[in-house]
Asker: 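First the structure, then my questions, so here it is.
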Amino acid sequence: MAQQMVRDFAQKEVAPVIKECDRQQQMADFVLPRMAELGILGICLPVRYGGQGMDYITLGLVCEELEAIDTSLRVVMSVHLGLNSLGLFQWASEEQKQRFLVPQARGEKIACFGLTEPGAGSDVSAISSSARREGDEYILNGEKMWISLATKADHVLWFGRTTPQTDDPHDRLSAFLVELNRPGVACQDLHGKLGVRAGSTGSISFQDVRVPADNRIGQEGEGFKIAMACLDNGRYTVAAGATGLIRACLEASVRYAKERKAFGREIGRMQLVQQKIAKMVQSYEMARLLFLRSGWMKNLGLRNTRETSLAKWFSTEASFEAASEAVQIHGAYGYSDEYDVERYLRNSKGAVIYEGTSEIHQLMQAGYALGYRKDAPLSCELPAYNPEKWAEE
Ligand SMILES: Cc1cc2nc3c(=O)[nH]c(=O)nc-3n(C[C@H](O)[C@H](O)[C@H](O)COP(=O)(O)OP(=O)(O)OC[C@H]3O[C@@H](n4cnc5c(N)ncnc54)[C@H](O)[C@@H]3O)c2cc1C
């Protein structure tokens, strides 16, 4: 039901305007309010926290449907729900859940995730933003860059250094949920991106921003672990979305291969075109099984960092390849925005960069295989899905 509802929304409401939004580099004004109204923004959160009480697999299926139309829609799910709200669900106190998570799950407040800085991307421990304690408050300073929904969001899950004196750089960071209407906050949009042009990406600057100590999520020094746990959920949505993008490439390619004729027959009859289509079928099925496995593990409350990283790495690379081959099948028409496939290609590139570049995922996979990397238990795990409890008011 959720899948069908989201498919209808994406196909009937967004698809007709997406090309123009992409050209204008603007998110359509109705997108966020409609997603809120449809309950998508809190789909896999318990009803008592303002969500729809559905499971993590539903979240994946929703992301697949959204990105089959445009990546910018799935990015909303990744940052608002995957990286931020599920982070609060896992790490925030009950009081913080009531204050921040409930309005986010209902879509009354939009949330983003502020980890990356101009000088720190893959190397999260190099973050230079700082949080200095003063009585019952912290004073936050620093620049965040490449933040999806920066100018649309009301809340950011923000990471900065609280404890620079510790030996292990991973213990230096802490996480804060910050309301973006606080004095000292400046958000700006960034234009000229290769893809996700119908989405919003920007920067967030903090200059002496005062927040109550009650806005700190988790313990001081726990920020790195919190960020990585949030990425386990964000990466899951990226993997599921990339699966939808592969499906869109496959459907567009099949359609065109049966329309276009060359050398007196449909190009779909050419074996080299068939090879590309067969590869898309293979990639779609594999990507789908990989994200479904992660969703199933999340439902059971099993740690899934390894499996989610693999799903994200595989499906984003496969979607980039599928989009490139879809353009090839469309020939010169694929090179123009008359067809959707050029947008698919531009959109697919971002996902092999954000939420862990492909290189970082390869290091992770090799680390697990070689036994250099192991997942230690966390002080807060992502709650397993519980259908009865999640449906309770
Ligand atoms: C469209 C978009 C949206 C984004 N949204 C968000 C957001 O909402 N919130 C947020 O916090 N961030 C966001 N990001 C930022 C994204 O997460 C970072 O770009 C990403 O983590 C990579 O960091 P970087 O760009 O600084 O690259 P770098 O870390 O500087 O890497 C540059 C290159 O070096 C390689 N490299 C780095 N370290 C190693 C290594 N150890 N071994 C091998 N190769 C290595 C990388 O793989 C890459 O190819 C977004 C980015 C994009 C493009």
Side-chain angles (χ1 to χ4, degrees), residues 22 25 27 67 70-87 110-129 142-160 169-170 173 175-178 180 187-206 223-224 226-235 237-238 241-242 245 309 312-313 316-317 319-320 343-367 372-373:
D22 191 81
Q25 303 191 38
M27 178 179 265
E67 194 155 357
D70 194 69
T71 303
S72 59
L73 297 173
R74 191 272 306 150
V75 169
V76 171
M77 298 300 284
S78 295
V79 299
H80 175 88
L81 181 49
L83 291 167
N84 188 315
S85 298
L86 287 177
I110 298 298
C112 68
F113 186 74
L115 188 65
T116 305
E117 298 184 354
S122 308
D123 184 4
V124 171
S125 63
I127 278 178
S128 65
S129 289
E143 301 289 328
K144 297 291 175 182
M145 180 76 179
W146 294 107
I147 307 306
S148 305
L149 300 184
T151 58
K152 309 280 180 202
D154 305 286
H155 294 165
V156 60
L157 186 56
W158 184 94
F159 297 84
H170 298 108
L173 302 180
F176 297 84
L177 196 294
V178 185
L180 289 168
C187 302
Q188 270 194 321
D189 257 330
L190 201 150
H191 289 293
K193 298 193 304 273
L194 175 68
V196 206
R197 290 186 167 201
S200 136
T201 316
S203 60
I204 300 180
S205 156
F206 279 5
F224 184 86
I226 294 176
M228 294 304 124
C230 291
L231 285 165
D232 281 351
N233 301 322
R235 286 168 179 168
T237 62
V238 174
L245 190 51
S309 153
K312 192 273 179 189
W313 172 35
T316 57
E317 294 247 331
S319 70
F320 181 58
R343 183 165 44 83
Y344 298 161
L345 178 60
R346 290 186 289 102
N347 283 350
S348 66
K349 186 60 191 173
V352 294
I353 296 172
Y354 51 68
E355 304 223 21
T357 63
S358 285
E359 289 77 14
I360 294 301
H361 289 291
Q362 286 171 69
L363 294 177
M364 288 175 70
Q365 292 304 318
Y372 300 155
R373 186 186 169 100

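Atoms within each ligand, like the ligands themselves, are counted from 1 in listed order. Nothing fancy with the numbering, it's 1 onward along the sequence. Atom set for the values below is all heavy atoms of this structure, side chains included, hydrogens, waters and symmetry mates excluded.
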Asker: Does the side chain to side chain donor-acceptor pair (under 3.5 Å) test come out yes or no for S203 and E143, once each step is laid out?
Answerer: CA-CA 7 Å; S203 60; E143 301 289 328; 5.7 Å; no
Asker: Give yes if a backbone or side-chain nitrogen or oxygen of S148 is under 3.5 Å from a nitrogen or oxygen of ligand 1, and no if not.
Answerer: yes
Asker: Report the member of T116, T201, D123, L83 with the shortest heavy-atom distance to atom 17 (O) of ligand 1.
Answerer: T116
Asker: Which of the numbered atoms in ligand 1 are under 4.0 angstrom from any heavy atom belonging to L363?
Answerer: 40 (C), 41 (N), 42 (N)
Asker: Is there at least one protein heavy-atom neighbour under 4.0 Å from atom 33 (C) of ligand 1?
Answerer: no
Asker: For atom 49 (O) of ligand 1, grab the closest protein heavy atom and report residue, atom and distance to one decimal in Å.
Answerer: E359 OE1, 3.7 Å
Asker: Please state which option from S358, G121, S122 has its nearest heavy atom closest to atom 28 (P) of ligand 1.
Answerer: S122
Asker: At less than 4.0 angstrom from any non-hydrogen atom of E355, what atoms of ligand 1 do you find?
Answerer: 17 (O)
Asker: Numbering the atoms of ligand 1 from 1, which are under 4.0 Å from a heavy atom of I147?
Answerer: 7 (C), 8 (O), 9 (N), 10 (C), 11 (O)
Asker: Return yes when at least one protein heavy atom is under 4.0 Å from atom 30 (O) of ligand 1, and no when none is.
Answerer: no
Asker: Do H361 and S309 meet the criterion of a side-chain donor-acceptor pair at a distance under 3.5 Å?
Answerer: yes
Asker: Mind checking whether F113 and F159 have parallel, tilted or perpendicular rings, split at 30° and 60°?
Answerer: perpendicular
Asker: With a heavy-atom distance limit of 4.0 Å, tell me whether V79 approaches ligand 1 through its side chain, its backbone, both, or neither.
Answerer: side chain
Asker: Do ligand 1 and G114 have nitrogen or oxygen atoms that lie under 3.5 Å from each other?
Answerer: no
